[in-house]
Amino acid sequence: MSEEIKNELEAAEAASQEEMEQIVSLKKGDTVKGTIVKIEDNQAYVSIGYKYDGVIPIRELSSVHLDSATDAVEVGQEVETKVVSIDDEKERLVLSKRAIDSENAWDELQSRFDSQETFEVTVADVVKGGIVADVGVRGFIPASMVERHFVEDFSDYKGRTLRVKVKEIDRENNKVILSQKDVLDEEFEANKLKVMGQLKEGEVLEGTVQRLTQFGAFVDVGGVDGLVHVSEIAWNHVEKPADVLSEGDKVKVKVLKVDPEKGKISLSIKAATPGPWETAAEQFHTGDIVSGEVKRLVNFGAFVEIAPGVEGLVHISQISHKHIGTPHEVLKEGQTVQVKVLDVNPNEKRVSLSIKETEEAPAPAPRSEKPSKGSSVRKEDLGDNPNVSLSNQGLSITLGERFGDKLSKLK
């Protein structure tokens, strides 16, 4: 036998001996590396160089629920596993990828928790109260920690990639809480400071209505929200923002104030549009007759709105042709009336109006005839009228005429 052949045989014998030692030394609890060679719905087969392949049941592939083994591994993938059980007689070798992943995960998760590192996860399942991801162990993301806004249905989140931080970790109880909201909040605040630094008071820009409340509307201007108070929505009175705005509306807003320390931006929609008094001079002229709504009644007159944000005064003397003590006698708030424009002064934001000049003046009452000179007046005709005196010159003449002849005879 040649020396070369002898060396080859010795090498082969040594390799065989090494393989036998590996087979003999394989036992429950050992950690082994292998390659995925076959996948079925509920399990995956791994070649670890043993005399037969090992199998990873679907429950041992991941710490989260899987619909199929293909959701966790693919053919050709190298994996590290732990021996769960071995039965050479039945040639059954059960392995666990989940056990190794879990052991390796805790230290890494603790490190990420301590540093508040942001990392990516894939949503594995949607469960009651939130969603779960496989991070070596089961990572739970509560519904309130998924987005910055409320999400009603998470059914389409499965398979999505999210950027998260470790919110809570408890190794003893096998508990890991993750949060994407923390990541989004940090990015939002960083962007908010950047945008606020670029905003200038007085500038007009376009925004999108994000949210409506009783006291105003929050409008997105470049990734941050500013508040349009209800009093700044329109030139006319607005009871509720929802009466005139809807979420998603595109609006022009004027920046009123920027407060980086408090993180607040005050905006105005009405200030970004021409004010009603700016167009009043063109819209209304002296002598025009227009329709308006009685907004307020005061002792000296009535304020009538003839255009949104434009109120004119009808002085009490211009309300009715007849004498009235107070405007309340003939008018009420909310009433629609016709008015005539007497004067327009946009600079002083003042309009003088008249109601009575839109109505025809009533005909004057007929006057009673004065008694002609020489006509007789009887005392009984006067009655007890205190305004008539028997010493009245006109009455004296009448009595003299009546009794003149008799007086002459007595003389």
Peer 1: Does a sphere of radius 6.0 Å around CD in E78 hold more than 12 heavy atoms from other residues, nucleotides or ligands, not counting ones at 6.0 Å or beyond?
Peer 2: no
Peer 1: Does N299, at its CG atom, have more than 12 non-hydrogen atoms belonging to other residues, nucleotides or ligands within less than 6.0 Å?
Peer 2: no
Peer 1: Give me the atom names and distance for the closest heavy-atom approach of L212 to S246.
Peer 2: CD1-CA, 4.1 Å
Peer 1: Would you list the atom pairs, donor with acceptor, under 3.5 Å between side chains in residues 300-318 and any protein atom, with sequence neighbours excluded?
Peer 2:
unit_1: E305; atom_1: OE2; unit_2: G309; atom_2: N; d: 3.3
unit_1: E311; atom_1: OE1; unit_2: R296; atom_2: NH2; d: 3.3
unit_1: H315; atom_1: ND1; unit_2: S317; atom_2: N; d: 3.1
unit_1: H315; atom_1: ND1; unit_2: S317; atom_2: OG; d: 2.9
unit_1: Q318; atom_1: OE1; unit_2: S354; atom_2: OG; d: 2.6

Peer 1: Are V176 and E168 close enough that some pair of their side-chain heavy atoms sits under 4.5 Å apart?
Peer 2: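 No; the side chains remain at least 4.5 Å from each other.
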Peer 1: With sequence neighbours left out, what residues match E147 under salt bridge (Lys or Arg N to Asp or Glu O under 4.0 Å)?
Peer 2: none
Peer 1: Would R171 and D107 count as a side-chain contact (heavy atoms from CB on, under 4.5 Å) here? Give the steps.
Peer 2: CA-CA 10 Å; R171 187 166 186 170; D107 290 341; 3.5 Å; yes
Peer 1: Taking NZ, NE, NH1 and NH2 as the nitrogens, is one of them in D288 or K340 under 4.0 Å from a carboxylate oxygen of the other?
Peer 2: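 Salt bridge absent between D288 and K340.
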Peer 1: Mark yes when over 12 heavy atoms from residues, nucleotides or ligands other than R59 sit less than 6.0 Å from its CZ; otherwise mark no.
Peer 2: no
Peer 1: For a quick test of reading the model, state the closest non-hydrogen atom pair linking L331 to Q335 and the distance between them.
Peer 2: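 What the structure gives for the nearest pair is CA-OE1, 3.5 Å.
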Peer 1: Would you give the length of the straight line joining atom CG of L95 to atom OG of S85, rounded to the nearest 0.5 angstrom?
Peer 2: 8.5 Å
Peer 1: Going by an N to O cut-off under 4.0 Å, is there a salt bridge joining D71 and K158?
Peer 2: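 A salt bridge is absent here (no side-chain N lies under 4.0 Å from a carboxylate O).
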Peer 1: Check residues 219-228 and write down every donor-acceptor pair under 3.5 Å in which the side-chain atom is one partner and the other belongs to a residue at least two apart or another chain.
Peer 2:
unit_1: D220; atom_1: OD1; unit_2: G222; atom_2: N; d: 3.3
unit_1: D220; atom_1: OD1; unit_2: G223; atom_2: N; d: 2.8

Peer 1: Determine whether more than 12 heavy atoms belonging to other residues, nucleotides or ligands lie under 6.0 Å from atom NZ of K270.
Peer 2: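 Counting neighbours around NZ of K270, more than 12 heavy atoms of other residues, nucleotides or ligands fall under 6.0 Å, so yes.
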Peer 1: Count the heavy atoms belonging to other residues, nucleotides or ligands that lie under 6.0 Å from CG of D156, then report whether that count exceeds 12.
Peer 2: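 Result for CG/D156: enclosed.
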Peer 1: Salt bridge check: are K82 and E103 linked by an N-O gap of less than 4.0 Å?
Peer 2: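 Salt bridge present between K82 and E103.
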Peer 1: Within this structure, what is the CG-NZ distance for the pair L297 and K332, rounded to the nearest 0.5 Å?
Peer 2: 11.0 Å
Peer 1: With a cut-off of 6.0 Å (strictly less than), are more than 12 heavy atoms of other residues, nucleotides or ligands near CZ of R148?
Peer 2: yes
Peer 1: Tell me, yes or no, whether the heavy-atom count around K356 atom NZ, taken from other residues, nucleotides or ligands under 6.0 Å, exceeds 12.
Peer 2: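 Counting other residues, nucleotides and ligands, NZ of K356 exceeds 12 neighbours.
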Peer 1: Do the charged groups of R163 and E120 touch, with an N to O distance under 4.0 Å?
Peer 2: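 Answer for the salt bridge query: no.
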Peer 1: Report the distance from atom CD1 of I265 to atom CD of E201, rounding to the nearest 0.5 Å.
Peer 2: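 Reported value, rounded in 0.5 Å steps: 11.0 Å.
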Peer 1: Ion pair present between D101 and R98, side-chain N to carboxylate O less than 4.0 angstrom?
Peer 2: no
Peer 1: Is atom NZ of K165 surrounded by more than 12 heavy atoms (other residues, nucleotides or ligands) closer than 6.0 Å?
Peer 2: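 For K165, atom NZ is crowded (more than 12 foreign heavy atoms under 6.0 Å).
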